[in-house]
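Worksheet: the structure to be examined is printed underneath.
Not measured: the values here are computed from a predicted model. Any value given below was found using the heavy atoms of this structure, including those in side chains, with hydrogens, waters and symmetry copies removed.
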Amino acid sequence: MAKAATNVKIAVVGGGISGLMATLKICEAGGEVDLFSYCPPKRSHSLCAQGGMNACMDTKGEGDTIYTHFDDTVYGGDFLADQTAVKGMCEAAPGIVEMFDRMGVPFTRTAEGVLDLRNFGGQKKKRTVFAGSTTGQQLLYALDEQVRKWETKGKVHTYIFWEFIKIIKNKNGVCRGMVAQNMNSMEIKAFREDCVILATGGPGQIFGLCTASTICNGSAVGAVYQQGARIGNPEFIQIHPTAIPGTDKNRLMSEACRGEGGRIWVYKDGKPWYFLEEKYPDYGNLVPRDIASREIFDVCVNQGLGIDGENKVYLDLSHIPADYLEKKLGGILEMYSEFMGQDPRKVPMTIYPSVHYSMGGIWVDREHNTNIPGLMASGECDYQYHGANRLGANSLLSAAYSGTVVGPVSMAWAGKCAKLKEMEGWKAKKDHGEPLQAAQEKALEGLDALRQELGPDLTDGELEAARKECADEFERILSMNGKENAHELHQELGRLMNKYVTIERVNKDLDFCFGEVKKILARWNDIGLTDHGRWANQEALFTRQLRNMILYALVITKAARMRDESRGAHFKREFPNRDDEHFMKITIADFDPKTDEPIISYEDFDHSLIKPRARTYGSK
């Protein structure tokens, strides 16, 4: 049951699983939400998650435990995730599944009616609950339905097709509002909020061709980074081993294909070579994604054994009964048939690794506070749970779990803002000689400390100044008349990042890439718009987003250059081993406004619960 309403208002930016979960938790606690989204929430990128969500349900009687899930996640992340935070997520996972079940999510069940589970990478136990091959969509739709109930009660105010531009800080440096733009009318508006939660997803579009939706551009993260938010572990970019290469984008072929028995192979000496099964007999085709991607890269690029000499290998489901595949993987098979014109029930699929996810993101503490008071982050745009490599099916879990954490935390913060307003009223009464209750007198003893922590509300003048700054910037973009094309610059950026900052990284190549990205940043100033209109001007919006993406690309590249070791998704042949002595630390990136470059530093973190060990997955 919801608590009594409180006079608080919180902005949630992003309508995916994490943003909607945070919204739901805020409303259940009595708060109000301004919900901003690039698109209708049901079209958020969360719906693209196919394979499932990890939770220790143990319906197969395999003796799975929460501790095993915890250990698999820490081991899979190559020991670079905050272990206390990961432990909390794994402990909460079964309850989150049960909550979604009560919401009506149509999880796939066995003939006996219990939750079915499938295998997923980096885990020997069946731990992944799923809804066919559209799990993300089903979770997203369930949350959207729940949030709409609160919208009808006037507790959620949706701003669909509005783009986040920047946060607004008060005189104490506390985030107390934000600026956003209507993507149709081009109206720019400042919003007074008690706090702001970013749940804006990953930065896949920085790499151009990837499995991410076009809205996954990292622009919001790039914006707050320039305002002082720190970025954690940005160099750790997940490359998914199985995607359909495309000229417009790459399309994910879920890890569920391998979880249900799919096999990866190429021809060697005229015979099928199941190279993952040969090298990793304990896990076979279900080694973690970073390892599988590197092995495929090695087979195709270094050994030259790709299909027809190209960078492709086979993902084979044709040995599995068609009716079983239809039940467990129907949506995935339909997509492959749609785009490739072949039936994967009958012939092996051709796939190659693709940029897929970012383990790094905005630095947050265990309660999802950023280093800017009043600004929080959750979901893929934060860095918290996955360390150097994310296990498959932990993304839906971390998105949902982080929403359940940040919602109540934001309410507690907003409650302090409401309390400050109330205490200021008591102080005004006291100053006018009106008597106060003893409890009110006692509470006023903490007024100065609360003032110092939260600072003042934003004035109308400060809101207007922030709005005008963004409006003036947009006017300058509309008037850009140079010789460069924003979309061509984006394609150049994507080619650079995909070539030099993905599966294998070389220091001299990273130095070159950093310099070239800096040149692209300079060329951004010479962009010329072909559309100078003031209604639904996508080119102008993209041009603003692009600058944030370029700055984020510099962060990823420099962080990769400075980490001279191999850990998880970050691999350097020059430094092939993990270096715990020097790099068992979180990378921190701060923005330097003088150079537009990141300042990289390192911080310790909690890795006291599970001691680091060699990450081999039984390789031969």
Side-chain angles (χ1 to χ4, degrees), residues 77-86 167 169 173 175 198 202-203 206 218 220-237 358-377 380-389 497 500-501 505 507 510-511 513-515 517-518 521 548-572 574-575 577-608 612:
D78 222 345
F79 300 93
L80 203 64
D82 183 296
Q83 294 185 8
T84 300
V86 173
I167 60 171
K169 301 178 190 178
C175 174
L198 290 187
I206 289 173
V221 175
V224 297
Y225 158 68
Q226 294 168 71
Q227 292 185 268
R230 311 175 91 187
I231 297 180
N233 288 343
E235 65 268 43
F236 294 101
I237 300 295
S358 175
M359 279 71 71
I362 301 172
W363 179 91
V364 294
D365 63 17
R366 291 172 191 158
E367 294 187 328
H368 286 267
N369 298 294
T370 72
N371 61 297
I372 298 176
L375 175 66
M376 298 151 197
E380 189 180 347
C381 78
D382 82 56
Y383 93 109
Q384 184 67 278
Y385 298 101
H386 306 297
N389 172 70
M497 297 298 288
Y500 297 116
V501 202
R505 298 163 173 184
N507 279 345
L510 292 169
D511 288 334
C513 181
F514 189 84
V517 175
K518 282 282 286 187
L521 179 62
N548 294 335
M549 294 164 67
I550 297 169
L551 291 170
Y552 200 163
L554 290 173
V555 175
I556 295 169
T557 306
K558 187 170 183 179
R561 172 62 180 85
M562 293 187 66
R563 184 175 283 271
D564 283 338
E565 67 162 351
S566 291
R567 185 187 297 268
H570 174 74
F571 178 78
K572 289 183 175 179
E574 303 159 280
F575 303 92
N577 299 316
R578 196 177 75 199
D579 183 355
D580 289 345
E581 180 181 354
H582 298 101
F583 290 106
M584 180 70 99
K585 297 178 185 293
I586 291 167
T587 305
I588 298 293
D590 290 286
F591 179 64
D592 184 352
K594 296 178 181 178
T595 63
D596 287 334
E597 295 183 9
I599 300 170
I600 301 296
S601 60
Y602 298 94
E603 290 187 357
D604 291 324
F605 67 101
D606 177 19
H607 49 81
S608 61

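A donor-acceptor pair under 3.5 Å links the side-chain atoms of Gln384 to the main chain of Asp365, judged by distance alone. Looking only at distances, no side-chain donor or acceptor of Glu235 sits under 3.5 Å from a matching main-chain atom of Arg561. The backbone N or O of Ile600 lies less than 3.5 Å from no partner atom in the side chain of Lys558, so there is not a single donor-acceptor pair. For the pair Lys169 (side chain) and Ile372 (backbone), a donor-acceptor distance under 3.5 Å is absent. In this structure a side-chain-to-backbone donor-acceptor pair under 3.5 Å is present from Lys572 to Arg563. Distance alone, capped at 3.5 Å, is enough to place a donor-acceptor pair between the Asn371 side chain and the Arg230 backbone.
Contact check for Met584 versus Phe605: side-chain heavy atoms found under the 4.5 Å cut-off. Under the 4.5 Å side-chain criterion, counting only non-hydrogen atoms from C-beta, Asn548 is in contact with Gln226. When side chains are defined from C-beta on, Asn507 counts as touching Asp564, because their heavy atoms get closer than 4.5 Å. When side chains are defined from C-beta on, Asp590 does not count as touching Asp592, because their heavy atoms never get closer than 4.5 Å. Contact of the Ile231 side chain with the Phe591 side chain is not registered, since no non-hydrogen atoms from C-beta on lie closer than 4.5 Å. The shortest distance between side-chain heavy atoms of Asp78 and Leu80 does not fall below 4.5 Å. Looking at Met497 and Cys513, their side chains come closer than 4.5 Å, going by heavy atoms from C-beta outward.
One finds a salt bridge joining Asp580 and Arg567 here, because a Lys/Arg side-chain nitrogen approaches an Asp/Glu carboxylate oxygen to under 4.0 Å.
Taking the centre of each ring, Phe514 and Tyr500 stay at or above the 6.0 Å mark.
For Arg366 against Ala85, the heavy-atom pair with the smallest separation is CG-CB, 4.2 Å. Residues Pro373 and Gly173 approach most closely at CD-O, 3.9 Å, considering heavy atoms. Shown here for Ile237 and Ser358, the closest heavy-atom pair between the two residues is CD1-OG, 3.9 Å. The heavy-atom pair separating Thr84 from Asp82 by the smallest distance is N-OD1, 3.1 Å. Residues Met549 and Ile206 approach most closely at O-CD1, 3.7 Å, considering heavy atoms. Closest heavy-atom contact between Glu574 and Arg505: OE1-O, 4.1 Å.
Between the CG atom of Asn233 and the CD1 atom of Ile556 there is a distance of 12.0 Å, given to the nearest 0.5 Å. Note that the CG atom of Leu375 and the CD1 atom of Ile167 stand 5.0 Å from one another [nearest 0.5 Å].
Ring pair Phe236/His570 is perpendicular by interplanar angle, where above 60° counts as perpendicular and below 30° as parallel.
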